[in-house]
Amino acid sequence: MIKNNDWNWSEDTLKAIIKNIVERKNEYVEEKDGSDYSLGVIDGYAFILDSIKNELEARGFDFEEWIK
């Protein structure tokens, strides 16, 4: 657990952050207007989620199982 003055970080904290990123990406997918900007934002979310997934799996986690 990582502690600072206003937040105790744990696996649950990381899961909550990742779930928020997934939810926001899904909202963008629903709201997309076909512009290069909205497509770029969606690609950015996909990129960061893939990066997080790869980092966790490189450390031995099954991402799909872990995030549940």
Side-chain angles (χ1 to χ4, degrees):
M1 182 171 305
I2 300 169
K3 295 181 179 183
N4 68 16
N5 293 335
D6 60 344
W7 198 318
N8 292 327
W9 293 73
S10 66
E11 272 190 41
D12 289 336
T13 303
L14 182 56
K15 286 178 184 180
I17 291 168
I18 293 169
K19 286 180 181 181
N20 286 338
I21 294 169
V22 169
E23 288 172 9
R24 189 62 190 123
K25 177 189 174 255
N26 291 338
E27 289 172 5
Y28 255 100
V29 169
E30 290 177 16
E31 298 169 1
K32 70 181 177 193
D33 59 10
S35 70
D36 287 344
Y37 176 79
S38 67
L39 295 175
V41 169
I42 293 166
D43 284 346
Y45 275 109
F47 177 81
I48 196 64
L49 289 168
D50 188 54
S51 296
I52 292 169
K53 178 182 179 211
N54 290 339
E55 290 293 327
L56 288 169
E57 288 180 347
R59 288 163 176 76
F61 292 95
D62 177 344
F63 181 79
E64 298 302 324
E65 191 63 33
W66 181 81
I67 198 67
K68 291 181 182 178

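The first residue in the sequence is number 1, and the count goes up from there.
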Visitor: Sub-3.5 Å donor-acceptor pair from the side chain of Lys15 to the main-chain atoms of Trp66, do we have one?
Guide: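 Pair found, side chain donor or acceptor close to backbone of Trp66.
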Visitor: Mind checking whether Val29 and Tyr37 sit in one hydrophobic cluster, side chains of I, L, V, M, F, W, Y counted as touching below 4.5 Å?
Guide: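 Yes; tracing contacts between hydrophobic side chains, which count when under 4.5 Å, links both residues.
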Visitor: Could you see if Ile52 belongs to whatever hydrophobic cluster contains Phe61? Use Ile, Leu, Val, Met, Phe, Trp, Tyr and a side-chain cutoff under 4.5 Å.
Guide: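 Yes; Phe61 is reachable from Ile52 via cluster members.
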Visitor: Nearest 0.5 Å, please: how far is CG in Leu49 from CG in Asn54?
Guide: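 It comes to 11.0 Å.
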Visitor: Examine the side chains of Ser35 and Asp33 and answer whether a donor and an acceptor come within less than 3.5 Å of each other.
Guide: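 Indeed, the side chains of Ser35 and Asp33 share at least one donor-acceptor pair under 3.5 Å.
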Visitor: If you round to the nearest 0.5 Å, how far is CD1 of Ile42 from CD of Glu27?
Guide: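 Result: 11.5 Å between the selected atoms.
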Visitor: If every non-hydrogen atom of Tyr45 is compared with every non-hydrogen atom of Ile21, which pair is closest and at what distance?
Guide: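 Heavy atoms of Tyr45 and Ile21 come nearest at CD2-CG2, 3.7 Å.
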Visitor: Report, as yes or no, whether the 6.0 Å neighbourhood of atom CG on Asp36 holds more than 12 heavy atoms from other residues, nucleotides or ligands.
Guide: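 No - once you tally the heavy atoms of other residues, nucleotides and ligands closer than 6.0 Å, there are 12 at most.
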Visitor: If you measure from the Lys or Arg side-chain nitrogens to the Asp or Glu carboxylate oxygens, is any gap between Lys19 and Glu23 under 4.0 Å?
Guide: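 Judged by the 4.0 Å cut-off on N to carboxylate O distance, Lys19 and Glu23 do not form a salt bridge.
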Visitor: Grouping I, L, V, M, F, W and Y whenever their side-chain heavy atoms are under 4.5 Å apart, do Tyr28 and Ile17 come out in a common cluster?
Guide: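 Yes.
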Visitor: What's the spacing between Lys25 NZ and Asn20 CG if we round to 0.5 Å?
Guide: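 With rounding to 0.5 Å, NZ (Lys25) is 15.0 Å from CG (Asn20).
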